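One structure is given here, and the rest of the page talks about it.
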Amino acid sequence: MPPKPKTSGDKNLKSKSPAEFFLDNKGIAGFENAGKSLYTTLREFIENSLDSAESIGVLPDVDIAVEEVTLDEYETKIGLKTHVRKDNALYADFETDKERAKRVKDEARKVAADAKAVDALAKAKEKGGKGSKGGGLNRNAGVDGSKAKLGAKSFFRITVKDNGKGMQHDDIPNMLGKVLSGTKYGVRQTRGKFGLGSKMALIWSKQTTGLPIEILSAQPKQKFCSRYVLDIDIERNEPNVHSVDKTPNDEEWHGAELSVIIEGNWTAYRNKVLSYLRQLAIVTPYAQFHFKYVSAGSVNRGNVDAMFRRRTLVMPSPPTTTKHHPSAANEDQLLIKTLLSQTREKTLLGFLNKEFTSIGKDHASRLVKELGKGFDPTMSPKDVSETQATRIQQLLSYARFTDPSGDCLSPAGEYNLRLGIMKELAPDWIASFVGGALACGGHPLIVEACVSLGGKDVKAGHNVFRFANRIPLLFEAGSDVVTRCVQRLNWSSYKIDKNNDKIGIFVSIVSTKIPFKGTSKEYIGDDNVEIAEAVDRAIRACATQLKGKIVRAQAAKERRARKKVLSRYIPDCARAIAAMLTQSALAEEPPSKRAKLFGDPAGGGNGGKLWRVDPVWEKELLGKVKSGTVTLATLTRKLEEHVEKIDSEQALEYSMANKEGLCETTHLMPIGSHHKFSTVVRHQTCAFQLLASAATGPHALKGV
């Protein structure tokens with residue numbers, strides 16, 4: 001390190017490297033404790049693997065392993081042998097005679113209290129009562145009351161392997177050992193939050209274990225594998241390479257494998273890790289994750305081996321780098337000055353037209369005229385003064401512009417979201433909606449939503465799943481805009497019981513810059529009006545679709561109940577009619593001649609209430625009864641057909657009265673130029689095409 005020049009300033013004035021800053025403030029990157037650090041390390045590794053595979057158009061296959069490392073194994077790795085204590089009194093877990101006596105006394109008191117509680121509970125049961133409140137056993141009484149070993153830590157080896165594009169051999173040290181260096185900067189949708197990636201995990205490993213990270217990487221068609229062992233020089237923010245090697249790549253493998261040993265807490269964050277993987281499988285159903293946890297003990301109790309299989313072969317199109325939206329000038333006062341100094345355009349007109357989205361040539365000309373005196377369309381951006389740059393920034397802040405197109409973004413898509421939800425939750429009903437692109441803080445943003453009812457492993461009430469740039473958000477859900485919108489919505493107006501129905505709400509927000517709140521970047525604030533309205537609109541659209549499905553289901557249920565009631569009387573009615581027809585067929589005269597017709601002045605015993613009967617039809621019917629053509633079975637069948645017909649007619653009338661029951665929303669997967677299709681399959685009623693990957697790929701459909 002070069003010597004620092006001598007100055008006459010304050011001797012206490014110091015500066016920190018980026019690595020030192022994040023070491024001192026690791027909480028803002030998700031490394032505030034051992035458990036959260038294990039979760040964040042896994043998350044960073046997995047998201048890097050997804051980005052790597054998607055960048056070359058390969059369906060991601062990610063293998064994740066968490067292995068518990070024993071203290072002996074850890075001490076062996078750092079070069080220490082198990083230490084034999086010479087002076088036990090020096091250690092915090094040492095127990096004096098006085099402390100031991102106090103502990104034994106406390107244990108005896110707890111045992112006596114438990115015995116008393118057991119007796120009281122037994123007496124209460126004999127009397128038929130439930131026992132006194134709070135009279136349960138002390139379940140900690142049997143636990144050794146001695147002081148827990150202070151400073152006891154748990155260590156884990158985390159290994160993540162993918163089939164992505166890998167890393168260039170010479171770039172590996174800087175990509176993993178230098179903070180704030182990476183390939184994801186720019187106006188582009190990325191999964192990362194801080195641009196730290198795996199580097200923060202390396203800093204945590206350096207602080208808690210002192211052990212380096214091991215990297216194995218190979219790029220497509222590369223004949224060798226790069227193997228590095230390195231850590232980070234915190235003070236200088238530079239990689240410290242322990243060893244480097246190139247090994248033959250005989251299997252033509254490509255991807256990256258990262259392995260690091262860190263301090264962690266698996267017990268506290270086990271459910272969070274598994275929940276993260278499950279939600280990640282929902283939003284990326286085209287990826288496959290194999291997760292394995294191995295405990296250090298000889299017994300396999302507590303081990304986990306979970307496979308989240310892919311459901312589709314269709315990946316969303318990758319995000320692309322875009323230009324700033326003009327409204328970004330209102331959020332960033334330095335944006336115009338920065339772009340003016342970096343632009344390659346020769347004229348002010350070209351600068352406005354090329355450096356921003358939503359500004360055409362005609363619009364740029366109007367803006368230049370609006371700038372007023374001192375501005376000319378042909379003037380060089382380099383000649384724009386600081387005052388003039390402020391004027392441009394002011395105009396762009398207040399001018400009206402169309403929303404960005406959103407083509408640069410890569411949302412999960414209705415197709416993938418629905419597939420992921422059906423694969424992981426298997427709901428009874430599901431509805432989806434994708435809103436149009438909008439400008440939020442000068443960045444394009446798209447909101448996608450799905451609402452499901454029913455499903456496995458879903459509790460009654462609201463189950464909110466939040467995603468930002470296709471990564472799950474598991475913390476601080478109560479403050480998030482999605483949770484607030486769900487709580488404000490009147491679910492009963494959509495015929496959904498918010499307390500008893502199993503409601504799954506899935507909202508995915510993608511943008512070139514997610515407007516997170518707080519240092520943890522785990523939630524999006526409800527104070528952002530544009531996002532709150534877009535989320536509310538998306539959830540309402542899904543709820544409206546479900547309302548239509550619920551209405552149709554209720555109508556079908558009523559039809560079934562009505563049909564069941566009517567069908568119950570068919571046998572009795574058929575027997576009565578059959579008996580009447582049989583007697584009429586055996587009589588000397590048909591019923592029409594034996595009864596008084598309607599309107600007969602004489603009235604008769606029936607009061608003149610009978611209908612007129614066609615004698616020809618009556619004679620034909622009685623003839624069929626005599627010949628056995630019309631029987632009890634015939635009447636029963638005719639009555640069943642009549643009930644079915646009446647039921648269908650009433651269903652149609654109900655649908656006409658309730659417009660929501662007339663339509664059924666059908667999802668069609670959007671296609672683009674990057675999709676390749678097989679030959680057309682024709683039928684008498686339709687023609688369709690399969691994706692080439694579905695027809696001839698590794699998972700081809702049989703019979704195509």
Side-chain angles (χ1 to χ4, degrees), residues 414 418-419 421-433 449-463 486 489-506 539-582 609-611 621 624-625 629-667 685:
E414 287 183 86
R418 294 172 74 100
L419 277 180
I421 295 170
M422 288 188 289
K423 177 173 73 79
E424 295 299 325
L425 302 182
D428 301 326
W429 288 326
I430 185 172
S432 58
F433 176 82
C450 283
V451 177
S452 66
L453 290 177
K456 61 182 182 181
D457 300 331
V458 182
K459 67 179 187 297
H462 297 142
N463 298 266
V486 169
L489 189 63
N490 183 12
W491 291 94
S492 60
S493 63
Y494 298 96
K495 301 185 181 300
I496 298 174
D497 187 347
K498 67 178 182 180
N499 296 319
N500 298 318
D501 289 339
K502 297 179 179 180
I503 312 170
I505 301 100
F506 306 81
I539 296 176
R540 287 180 182 274
C542 295
T544 302
Q545 296 177 36
L546 288 179
K547 182 181 179 181
K549 296 182 180 182
I550 294 172
V551 167
R552 289 190 294 273
Q554 290 176 343
K557 183 178 180 181
E558 292 174 1
R559 289 198 302 272
R560 289 192 298 269
R562 186 168 54 251
K563 182 178 178 181
K564 183 178 180 180
V565 171
L566 292 175
S567 299
R568 186 186 306 166
Y569 296 102
I570 287 178
D572 293 338
C573 292
R575 283 192 296 269
I577 296 172
M580 182 189 68
L581 289 175
T582 302
K609 301 299 183 182
L610 294 180
W611 293 302
L621 176 61
K624 290 181 179 180
V625 173
T629 306
V630 175
T631 62
L632 177 62
T634 306
L635 294 172
T636 302
R637 187 179 69 254
K638 290 292 183 180
L639 286 174
E640 290 175 349
E641 291 175 356
H642 183 70
V643 168
E644 191 72 33
K645 179 181 177 182
I646 294 298
D647 187 63
S648 300
E649 291 176 353
Q650 290 182 352
L652 180 60
E653 292 176 3
Y654 184 87
S655 297
M656 294 297 294
N658 299 272
K659 300 298 183 182
E660 295 160 347
L662 280 175
C663 60
E664 174 73 33
T665 303
T666 303
H667 173 74
T685 58

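FYI, side chains are in, hydrogens and waters are out, and symmetry mates aren't considered; it's all heavy atoms of this structure. Keep in mind that what you see is a predicted model, and the values were worked out from it rather than measured.
Between the CG atom in Leu453 and the NZ atom in Lys502 there is a gap of 11.5 Å [rounded to 0.5 Å]. Taking NZ from Lys547 and CD from Gln554, the interatomic distance works out to 10.5 Å, rounded to the nearest 0.5 Å. Taken from CG in Asp457 to CD in Glu424, the straight-line distance is 9.5 Å, to the nearest 0.5 Å. One finds the CD1 atom of Ile503 at 12.5 Å from the OH atom of Tyr494 (value rounded to the nearest 0.5 Å). Interatomic distance, CD1 of Ile496 versus NE2 of His462, reported as 8.5 Å (0.5 Å rounding). Taking CD1 from Ile505 and CD1 from Ile539, the interatomic distance works out to 6.5 Å, rounded to the nearest 0.5 Å.
Using a 4.5 Å heavy-atom cutoff, the side chains of Glu641 and Arg637 are in contact. For the pair Asn499 and Trp491, the minimum side-chain heavy-atom distance is 4.5 Å or more. Within the 4.5 Å cutoff, the side chain of Thr636 has heavy atoms near those of the Ile570 side chain. Side-chain contact check for Leu639 versus Cys573: some heavy-atom pair is nearer than 4.5 Å.
For Ser493, the side-chain contact (heavy atoms from CB on, under 4.5 Å) partners two or more places apart in sequence, or in a different chain, are Asn490. Under the side-chain contact (heavy atoms from CB on, under 4.5 Å) criterion, Leu621 pairs with Leu581, Trp617, Val630, not counting sequence neighbours. For Lys624, the salt bridge (charged side-chain N to carboxylate O under 4.0 Å, His left out) partners two or more places apart in sequence, or in a different chain, are Glu620. Residues meeting the side-chain contact (heavy atoms from CB on, under 4.5 Å) test with Ala578, sequence neighbours left out: Leu632, Leu635. A search for side-chain contact (heavy atoms from CB on, under 4.5 Å) contacts involving Leu566 returns Arg562, Val643, not counting sequence neighbours.
With hydrogens and angles ignored, the 3.5 Å screen pairs no side-chain donor or acceptor of Asp497 with any backbone N or O of Lys495. Under a 3.5 Å cut-off, the side chain of Gln545 and the backbone N or O of Ser432 do form a donor-acceptor pair.
Note on residues 565-581: pairs passing salt bridge (charged side-chain N to carboxylate O under 4.0 Å, His left out), not counting sequence neighbours, are Asp572-Arg575.
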Mind running side-chain contact (heavy atoms from CB on, under 4.5 Å) on Phe433 and Thr544 for me, showing each step along the way?
CA-CA 11 Å; Phe433 176 82; Thr544 302; over 6 Å; no

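Within 6.0 Å of the NZ atom in Lys423, the count of heavy atoms belonging to other residues, nucleotides or ligands exceeds 12.
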